[in-house]
> 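Structure in structure tokens, see below.
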Amino acid sequence: MTTPRSSAPLLPDADALAHSEHLRALIQEQIIAAGGSLPFWKFMELALYAPGLGYYSAGAMKFGPAGDFVTAPEISPLFAACVADAVTPVLQQLGPDAEFVEIGGGSGAFAETALAKLLANDALPARYAILEPSADLRERQRERLQERLPPLLFELVTWLDAPPDQAWNGVLFANEVIDALPTPRFVIRDGEVFEEHVALDGEGRFVRIDRPADPMLAAAVRHVERQLPEPFAEGYRSEVLAQLPYWLQAVIGGLKDGAMLFIDYGYSRGEYYQPQRSDGTLRAFRQHHLVGEVHAYPGLQDITASVDFTAMAEAGTGAGFDFAGYCSQASFMIGNRLQENLELAESRSTDDIARHALRQQVKQLTLPTEMGERFQAIGFERGVELGAAFLVGDLSHRL
């Protein structure tokens, strides 16, 4: 996700507003049925994933200049090329039956470049599977890949309704997926842990209220707190993805030997829960703008929270994998043949304008003021070696 614009987004048109009102009514009904409030994570789940209505489930364009945000694969094919180079040794170690599973295929841009690069590296998987919950995005991915890939590569692509439950070996990859998982929000009141809920005011508008946290959430907050220099202050509000280990176990499915690679924006735990970040990292995006009101226009804007990469490390190792490495996106790309991939792309460019565009893409992906430091990469391995992908700019000491 690129840096948001500073001006205000346009108001939704009549069709979009009608769509949002339909989802708003559904959420209101669920709030009433639940006794007056829903945990924030449930509101976020409905706003993003309600069948046919949620932001990621409905048909509006999400990715690219015409959508609400731009992810690294849409910015430049160099991103996917570097990821493909990073996992090539893993696929080659596992042999011809290895599989590649991408969680959330976005526009299909990543798969398009990654498959071509893996072919060039003599590391094609036996299957390239995309775990994509959105039927609309599936169709867009299918159309793009069928149009742009040669039949040899397109025939490798399949779409999954659920994680592969049969035993498999290979690579699991997700870019900007963890930040969109529905996350609980907590707040400290009189030294106790409360959970943020969404309720209705007298006019049916969504409002924030706090309720006593259940034992699972309270335990997750205290686990985080014990690793910080000082306890959370009164009124401190943030997110904690207590269900992350269970989600990871689920998406792994039957993965035996192989590697997992996650790239997203976030922080190590000590940075995530700094005292000055007292309202957490939750935010919304619409039309490339940062939106202050996360409850507004349900179904029309992305809702997201940064990733606690220490929690990712705990979840990955808790799932029985070895920690492979952690670094910034810039370091990851530099350490996985960014310069060589850039030179190759420039050699295939027809003019100076195209070559200049490539160099601008590199800046956007790697500069600290852009995506280079805000985005992090973390990897896990079992029965294979992925650690070489993290040799540049290792940040594991921060975890």
Side-chain angles (χ1 to χ4, degrees), residues 1 20 23-24 26-31 33-34 37-58 60 62 68-69 71 103-104 106 131-135 137 161-163 174-187 193-200 206-211 213-221 224 237-252 262 264-266 272 279-286 291 293-309 311-312 314-315:
M1 187 177 299
S20 182
L23 179 55
R24 176 183 295 276
L26 172 68
I27 298 174
Q28 289 170 332
E29 290 172 5
Q30 294 219 13
I31 288 174
S37 72
L38 289 175
F40 175 80
W41 70 264
K42 185 63 177 179
F43 171 88
M44 183 174 174
E45 180 181 72
L46 291 167
L48 296 183
Y49 302 108
L53 293 172
Y55 180 79
Y56 285 107
S57 303
K62 313 297 187 303
D68 296 304
F69 54 84
T71 61
I103 308 175
L131 179 58
E132 176 57 70
S134 168
L137 285 176
D161 295 316
N175 179 62
E176 288 200 55
V177 170
I178 311 299
D179 65 84
L181 295 180
T183 181
R185 294 257 289 168
F186 72 89
V187 64
V193 181
F194 281 68
E195 180 171 9
E196 182 176 315
H197 280 231
V198 178
L200 303 173
F206 298 130
V207 292
R208 183 172 79 179
I209 67 170
D210 301 321
R211 295 283 175 83
D214 63 31
M216 181 180 177
L217 179 61
V221 172
V224 167
R237 187 181 299 268
S238 191
E239 308 83 31
V240 61
L241 201 56
Q243 68 271 38
L244 182 60
Y246 308 101
W247 176 87
L248 187 59
Q249 287 278 9
V251 297
I252 287 171
F262 302 93
D264 220 315
Y265 48 88
Y272 194 111
D279 197 37
T281 69
L282 188 75
R283 54 210 184 273
F285 291 91
R286 184 162 58 87
V291 180
E293 179 48 68
V294 296
H295 300 133
Y297 302 120
L300 302 185
Q301 61 187 25
D302 188 22
I303 304 174
T304 178
S306 296
V307 175
D308 173 0
F309 276 95
M312 280 299 306
E314 292 172 345

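Here the structure is a predicted model, which means the values were calculated and not measured. The figures here come from the full heavy-atom set of this structure, side chains too, leaving out hydrogens, waters and symmetry mates.
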> Heavy atoms, side chains only, cut-off 4.5 Å: are Val187 and Glu196 in contact?
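No, side chains not in contact.
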> State, yes or no, whether a side-chain contact exists between Pro39 and Arg211 at a heavy-atom distance under 4.5 Å.
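The answer is no, as the side chains (C-beta and beyond) never meet within the 4.5 Å cut-off.
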> Restricting to non-hydrogen atoms, name the atom on Ala162 and the atom on Leu131 that form the minimum distance, rounded to 0.1 Å.
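Closest heavy-atom pair between Ala162 and Leu131: C-CD1, 3.7 Å.
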> Without swapping roles, check the side chain of Glu195 against the backbone of Pro184 for a donor-acceptor pair under 3.5 Å.
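No, the answer is negative, given that no donor and acceptor are paired below the 3.5 Å cut-off.
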> Apply side chain to side chain donor-acceptor pair (under 3.5 Å) to the pair Tyr272 and Thr281, showing each step before the final yes or no.
CA-CA 8 Å; Tyr272 194 111; Thr281 69; 3.2 Å; yes
> Tell me whether Asp264 contacts the main-chain N or O of Val307 through its side chain, where contact means a donor paired with an acceptor under 3.5 Å.
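No; zero donor-acceptor contacts below 3.5 Å.
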> Holding to side-chain contact (heavy atoms from CB on, under 4.5 Å), I want the full list of residues that pass it with Val224, two or more places apart in sequence or in another chain.
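Partners of Val224 under the side-chain contact (heavy atoms from CB on, under 4.5 Å) test: Leu228, Phe232, Val240, Arg269, Tyr273.
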> Would you please name every residue forming a ring pair (Phe, Tyr, Trp, His ring centres under 6.0 Å) with Phe206, sequence neighbours left out?
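Ring pair (Phe, Tyr, Trp, His ring centres under 6.0 Å) list for Phe206, sorted by chain: Phe43.
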> According to salt bridge (Lys or Arg N to Asp or Glu O under 4.0 Å), does anything in residues 47-58 pair up with another residue at least two apart or in another chain? List the pairs.
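Of all non-adjacent pairs touching residues 47-58, none passes salt bridge (Lys or Arg N to Asp or Glu O under 4.0 Å).
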> Tell me every residue that passes salt bridge (Lys or Arg N to Asp or Glu O under 4.0 Å) with Arg24, counting only those two or more places apart in sequence or in another chain.
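Salt bridge (Lys or Arg N to Asp or Glu O under 4.0 Å) check on Arg24 returns Glu21.
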> To the nearest 0.5 Å, tell me how far Gln30 CD sits from Leu38 CG.
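Here the interatomic distance stands at 6.5 Å.
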> If you look at every heavy atom in Met312 and Leu244, which pair is closest and at what distance?
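Closest approach of Met312 to Leu244, heavy atoms only: SD-CD2, 3.6 Å.
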> Is there a side-chain contact between Tyr56 and Asp302 (heavy atoms, below 4.5 Å)?
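A side-chain contact exists here, since the closest heavy-atom pair is under 4.5 Å.
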> What closest approach, in Å, do Ala213 and Ala218 show between heavy atoms, and which atom pair accounts for it?
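Reported closest heavy-atom pair: CB-N, 4.2 Å.
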> Where the side chain of Ser57 meets the backbone of Ser134, is there a donor-acceptor pair that is under 3.5 Å apart?
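Looks like no, no N/O pair under 3.5 Å.
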> Do any N or O atoms from the side chain of Arg185 and from the backbone of Asp279 form a donor-acceptor pair under 3.5 angstrom?
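Such a contact is found between Arg185 side chain and Asp279 backbone.
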> Should Ile303 and Tyr55 count as side-chain neighbours, where that means a heavy-atom distance under 4.5 Å?
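In short, these two side chains do not touch, never coming nearer than 4.5 Å.
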> Less than 4.5 Å apart, any side-chain heavy atom of Trp247 and any of Leu241?
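Sidechains of Leu241 and Trp247: no contact.
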> Output the distance between atom CD1 (Ile27) and atom CG (Leu23), rounded to the nearest 0.5 Å.
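Ile27 atom CD1 to Leu23 atom CG measures 4.0 Å (nearest 0.5 Å).
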> Return the set of residues passing ring pair (Phe, Tyr, Trp, His ring centres under 6.0 Å) with His197 (not counting sequence neighbours), or none when no residue passes.
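Ring pair (Phe, Tyr, Trp, His ring centres under 6.0 Å) check on His197 returns nothing, list empty.
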> Do Val251 and Val177 come close enough that some side-chain heavy atom pair is under 4.5 Å?
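Side chain of Val251 against side chain of Val177, heavy atoms only: no contact under 4.5 Å found.
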> Locate the shortest heavy-atom distance separating Pro298 from Ser20; write the atom from each residue and the value.
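That would be O-OG, 2.9 Å.
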> For Leu181, does its backbone N or O pair with a side-chain atom of Gln243 as donor and acceptor, under 3.5 Å?
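Flag not set: sc Gln243 to bb Leu181 has no pair under 3.5 Å.
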> Looking at every heavy atom in both Ile209 and Ser37, which two are closest together, and how far apart are they?
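Where Ile209 meets Ser37 most closely, the heavy atoms are CD1-CB, 3.8 Å.
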> Is there a side-chain contact between Trp41 and Leu217, using heavy atoms and a 4.5 Å cut-off?
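The answer is no; the side chains never approach within 4.5 Å.
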> Walk me through it: do His295 and Phe40 pass the test side-chain contact (heavy atoms from CB on, under 4.5 Å)?
CA-CA 10 Å; His295 300 133; Phe40 175 80; 4.3 Å; yes
> Within the distance-only criterion (no hydrogens, no angle test), does the side chain of Glu239 pair as donor or acceptor with the backbone N or O of Leu282 below 3.5 angstrom?
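Yes.
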> Which distance, rounded to the nearest 0.5 Å, do you find between the CG of Asp179 and the CZ of Arg283?
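The CZ atom of Arg283 is 8.0 Å from CG of Asp179, to the nearest 0.5 Å.
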> Calculate, to the nearest 0.5 Å, the distance between atoms CD1 and CG belonging to Ile31 and Leu26 respectively.
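One gets 10.0 Å once the value is rounded to the nearest 0.5 Å.
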> If a pair satisfies side-chain hydrogen bond (donor to acceptor under 3.5 Å, both in side chains) and one of its residues is in residues 42-51, list it, with sequence neighbours excluded.
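Qualifying pairs: Lys42-Glu45.
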